[in-house]
Amino acid sequence: MPEPTGVIHDIGYQRYTGPRLGRRAIFGALYLHGLRTAFGLGRSAKAKIFPWLVVGIVTLVAAAAAAVRSQIGEVVMTYAQFADNMSWLVIFFVAVVAPELVSRDLRSGVLPLYFSRPLPRSDYPLAKLLALATALWLLLGGPQLVMFLGAAFTSGAGMRGVWNELLDLLPGLLYAGLWAAVFASVGLLVASSTGKRAFAAGGVVAVFLMTTPIVGVLSIMPSRAVNELAFLASPSTLVGGVGEWALGDLLGPQAPVPIGGFGPVYAVAAVLLVAGCVALLLLRYRKVAAR
Amino acid sequence: MTTISADQAAGTPTAVTSTLDLAGVSRWYGNVVAVNDVSMSLGPGVTGLLGPNGAGKTTLLHMMAGFLAPSRGVVTLDGRPTWRNPEVYRQLGLVSEREAVHTFLTAYEFVLASAKLHRLPDPAAAARRAIAQVEMAGAQDRRIGTYSKGMRQRARVAAALVHEPQVLLLDEPFNGMDPRQRLHMMELLHRLGDAGRTILFSSHILEEVEQVSGTVQVMVAGRLAASGDFRTIRRLMTNRPHVFTVQSTDDRALAVALMAEASVTGVELDRAGLTVRAGDYGAFTRVLPKIALREGIRVRQLVPQDESLESVFSYLVEA
Amino acid sequence: MTLIATESLTKTYGGGVTALADLTVAVEPGIIGLVGANGAGKSTLIKILLGLLAPTSGRARVLGLDPTTDSAQVRARVGYMPEHDALPPDLSAAELVTHLGRVSGLPRTVARERASEALRHVGLYEERYRPVGGYSTGMKQRVKLAQALVHDPDLLLLDEPTNGLDPAGRDAMLALVHRIGTEFGISVLVCSHLLGEVERICDTLVAIDGGRLLRADHISAMTSATDVLAVEVSEGTEELAARLTVLDLPVRRDGRLLLVELVDDATYDLILGAVAELDLPLHRLDQRRHRVAELFATREPSHA
């Protein structure tokens with residue numbers, strides 16, 4: 001018969017002596033949290049509705065395109081065209097997700113809790129930006145993968161067909177990356193200006209949509225140079241211009257944005273736009289952190 | 001009932017005093033009962049309104065001020081109902097908790113606007129008088145946006161005082177104030193109360209309430225749990241033994257002697273001294289000095305442990 | 001080791017507003033109360049200590065580190081609880097505290113475990129999985145404290161931790177802060193407007209006024225006993241006062257209290273004898289102590 005034993009365990013406060021991770025791990029945690037937030041993961045069911053609705057639509061479109069191609073053999077849209085055709089959905093996705101990522105934190109006053117932690121103050125906006133860009137890229141790239149799988153394994157041309165498809169897919173994914181970079185930086189900058197999510201969403205939509213009439217007006221001016229530079233005026237046509245220059249007929253036989261010989265100008269403009277937005281975003285959070 | 005007392009304290013402007021009466025007042029929002037069958041009578045002097053969060057203090061103050069209709073019962077000021085009674089507004093001032101001061105105005109402009117709203121015959125003089133009362137004359141021409149929280153609060157009190165109301169109601173007036181501003185506001189309330197005004201203020205900081213006024217109204221979950229002098233209220237809690245700590249030249253001998261007393265229900269002895277529980281307050285406090293003298297023990301310290309407003313309040317809320 | 005030290009710390013904002021003026025102070029580990037007039041530069045000091053703001057001149061050291069140059073190291077070892085609302089309403093306390101633990105550099109599983117422990121220590125149990133938006137003020141304050149504690153800091157900076165709490169909530173929060181400072185072994189700097197609170201839980205007090213140091217000392221030194229005895233009887237105060245005067249004990253009145261000069265031990269006996277003889281109920285007999293509030297009893301024109 002064993003002696004009865006008893007023990008009281010110490011469940012009082014315990015000091016932590018384990019590892020404390022550095023800046024990269026912290027940045028990674030913020031980034032991952034942002035990416036999850038973009039798709040409403042770890043949030044209420046309500047926060048999941050819109051992102052997943054958009055994901056559903058783009059996937060459905062891609063699946064339909066793949067089905068049409070495998071059944072009839074007609075290419076409904078190229079990989080690169082896919083991003084252009086989804087631009088409206090991308091705009092609305094940004095309008096909903098960017099405020100979710102930054103405006104919410106501004107409003108709830110949680111930022112002091114971040115800035116009192118061991119991350120440089122630029123890491124917070126950068127992690128959010130990277131998260132939004134990744135989300136957009138996944139949104140545009142994922143469906144292209146669906147199209148690729150559909151096309152590559154029904155083409156009947158064996159491994160060679162798969163390889164050819166892959167060569168078509170990669171520029172499409174790169175082009176999706178450009179979309180993601182431009183839309184994420186512009187959208188996040190706009191959203192970070194206010195803590196009111198409705199205003200932020202409205203601002204994002206305004207910046208992306210209200211600039212298209214300007215393009216319209218400029219492109220009917222009686223000067224060819226002005227016409228060809230008109231597409232600089234709006235982020236989506238700017239991206240289209242870069243695509244036109246870099247991808248050429250991958251965007252279709254007829255150029256959707258006739259930019260003439262100004263291709264490099266569009267590329268530089270896109271880079272400057274992204275860089276400018278990031279700089280302003282960092283400046284914005286410098287101010288917020290010191291408050 | 002308006003009473004006129006000729007011998008109001010010297011130098012005070014007030015000769016007329018007012019009484020605010022609540023008779024069976026309840027207020028509900030749908031199924032939520034914020035205030036439940038409260039009757040009280042407030043006369044001249046300062047009274048503290050206490051209660052946990054959500055006890056209905058703000059609702060009660062708003063009904064008193066006539067901003068909110070009671071769902072049942074009636075609030076009267078000197079016999080006249082306060083609800084929707086412009087007559088009453090002339091005799092009553094409310095300083096609500098939320099800060100709604102126009103920061104672009106100066107304190108003078110702000111108080112003057114309030115004076116004009118009351119259609120006072122000489123608004124400028126009234127504004128100056130009210131500002132002097134809260135000792136803000138030096139800063140009256142600065143914009144309110146530049147003020148500290150305590151100064152803002154005093155500007156709001158001045159605006160509520162501009163028509164010289166007999167009754168002043170304040171919701172959490174000390175909130176956000178620093179130590180010096182608190183002392184200042186306490187003095188002001190004291191002064192107004194001594195001048196014969198009826199002042200009711202709510203607060204969570206019981207040490208301060210204790211310093212400003214011994215008279216309290218305690219709300220618990222919409223009900224009025226106790227009214228009056230908190231020390232008297234404590235005496236009425238006969239089911240709670242009174243706890244004292246005692247230090248003497250011979251704690252052990254004193255403990256033995258005290259245990260023989262019927263008024264003492266328990267004695268604890270530790271290094272710091274004695275903790276005595278007395279069932280009968282009057283008997284114990286009378287007998288202790290005599291026992292000490294009889295036993296030749298010198299009592300160096302006798303401190304009541306649960307007589308503060310803090311303990312009285314927690315007993316009321318727990319009960 | 002010195003917990004916090006500043007040397008001629010000065011912070012001037014654009015527009016010539018001086019928040020801190022030549023502040024030199026050093027405090028040892030423990031529970032420190034930081035008191036001052038509104039706008040006295042308390043929040044500026046906290047931001048400098050966290051490395052969020054660079055001083056105009058002078059130096060600060062926190063846990064032996066310079067927050068302006070080693071801000072990340074300082075912030076890894078400091079927990080901060082802001083005064084104002086700082087919680088996203090749609091997240092649960094468990095999620096928020098876990099996430100912030102990771103942002104403090106804790107590995108994922110450690111963050112989860114420590115968040116759970118931190119929430120338990122501040123007294124949040126099953127409610128931690130519900131969205132913070134539905135919490136009471138007291139519960140929200142606890143979550144804010146838990147997030148400051150999750151990464152096991154060596155120093156906690158608490159800005160008005162009892163703000164908005166009712167008496168029971170204040171009591172619980174103060175007990176918790178005291179426990180953190182004593183049992184947990186974490187130093188705490190508490191900003192408060194309420195001197196009573198500071199007296200109750202702190203062992204050191206730093207008072208600043210207009211950006212300058214008013215006083216920094218142990219609470220015990222500021223609440224030392226005086227040579228005055230306070231006597232309170234629940235009835236017959238007048239009689240007792242007259243009686244003591246006859247016994248050659250000059251008496252001053254202070255509200256309900258009678259203040260008697262403590263000459264020697266015989267004073268106790270004389271008072272007790274007088275009370276017994278008059279058959280009065282003795283409510284209090286106590287040596288008077290200095291109060292921290294005396295620091296602020298003088299009024300300054302700038303606050304008029």
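Numbered from 1 within each chain, the chains take letters A, B, ... in sequence-line order. Just so you know, these numbers use all the heavy atoms, side chains as well, and skip hydrogens, waters and symmetry mates.
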*Consider only side-chain N and O atoms of Thr162(C) and Glu197(C), and report whether a donor and an acceptor are under 3.5 Å apart.*
yes

*For the residue pair Ser314(B) and Ser311(B), confirm or rule out a side-chain donor-acceptor distance under 3.5 Å.*
no

*If you count heavy-atom pairs under 4.5 Å with chain B, which of Thr137(C), Leu165(C), Val275(C) comes out on top?*
Leu165(C)

*asked:* Just so I know, are the side chains of Met237(B) and Val312(B) near enough to count as touching, which here means a heavy-atom distance under 4.5 Å?
replied: yes

*Under 3.5 Å, is there a donor-acceptor pair between the side chain of Lys42(C) and the main chain of Leu34(C)?*
no

*Can you name the residues of residues 279-290 of chain B that have some heavy atom under 4.5 Å away from a heavy atom in chain C?*
Tyr281(B), Thr285(B), Arg286(B), Pro289(B), Lys290(B)

*asked:* Please identify, among Val317(B), Val299(B), Thr249(B), the residue contributing the most non-hydrogen atom pairs under 4.5 Å to chain C.
replied: Val299(B)

_When you compare the side chain of Leu295(C) with that of Leu195(C), does any pair of heavy atoms fall below 4.5 Å?_
no

*Is chain B contacted by the side chain of Asp279(C), its backbone, both, or neither, given a heavy-atom distance below 4.5 Å?*
both

*Partner chain C: residue of Glu208(B), Glu318(B), Glu307(B) with the largest heavy-atom pair count (under 4.5 Å)*: Glu307(B)

*With a 4.5 Å heavy-atom cut-off, do His242(B) and Arg234(B) have their side chains touching?*
yes

*Answer whether the closest heavy-atom distance between the side chains of His193(C) and Met177(B) falls below 4.5 Å.*
no

*Which bit of Ile271(C) comes within less than 4.5 Å of chain B, counting heavy atoms only: side chain, backbone, both or neither?*
neither

*Going by residue number, which parts of residues 211-227 of chain B are within reach of chain C, meaning a heavy-atom gap below 4.5 Å?*
none

_Portion of Asp265(C) that has a non-hydrogen atom of chain B nearer than 4.5 angstrom_ = both

*Using 4.0 Å as the upper bound for N to carboxylate O, is an ion pair formed by Glu238(C) and Arg253(C)?*
yes

For residues 220-231 of chain C, please give each side-chain donor-acceptor pair under 3.5 Å, one per line with the distance, not counting sequence neighbours.
| residue | atom | partner | partner atom | Å |
| --- | --- | --- | --- | --- |
| Thr223(C) | OG1 | Ile219(C) | O | 2.9 |
| Thr226(C) | OG1 | Val228(C) | N | 3.4 |
| Thr226(C) | OG1 | Arg288(C) | O | 2.9 |

_Any His218(C) side-chain heavy atom under 4.5 Å of Thr204(C) side chain_ = yes

*Between Arg284(C) and chain B, which part of the residue has a heavy atom less than 4.5 Å away: side chain, backbone, both or neither?*
both

*Atom of Glu235(C), atom of Leu280(C) and distance for their closest heavy-atom approach*: O-CD2, 3.6 Å

*Does anything in residues 288-314 of chain B pair up under ring-ring contact (aromatic ring centres under 6.0 Å, His included), and if so which pairs, sequence neighbours excluded?*
none

*Charged N to carboxylate O below 4.0 Å: is that the case for Asp171(C) and Arg200(C)?*
yes

*Identify which of Ile205(B), Leu206(B), Leu293(B) forms the greatest number of heavy-atom pairs closer than 4.5 Å to chain C.*
Ile205(B)

*Interchain contact, Thr267(C) with chain B, by part (heavy-atom threshold 4.5 Å)*: neither

*asked:* Could you check whether Ser202(B) and Asp171(B), counting side-chain N and O atoms only, form a donor-acceptor pair closer than 3.5 Å?
replied: yes

*Based on non-hydrogen pairs under 4.5 Å, which of Gln301(B), Arg300(B), Glu207(B) is most in contact with chain C?*
Arg300(B)

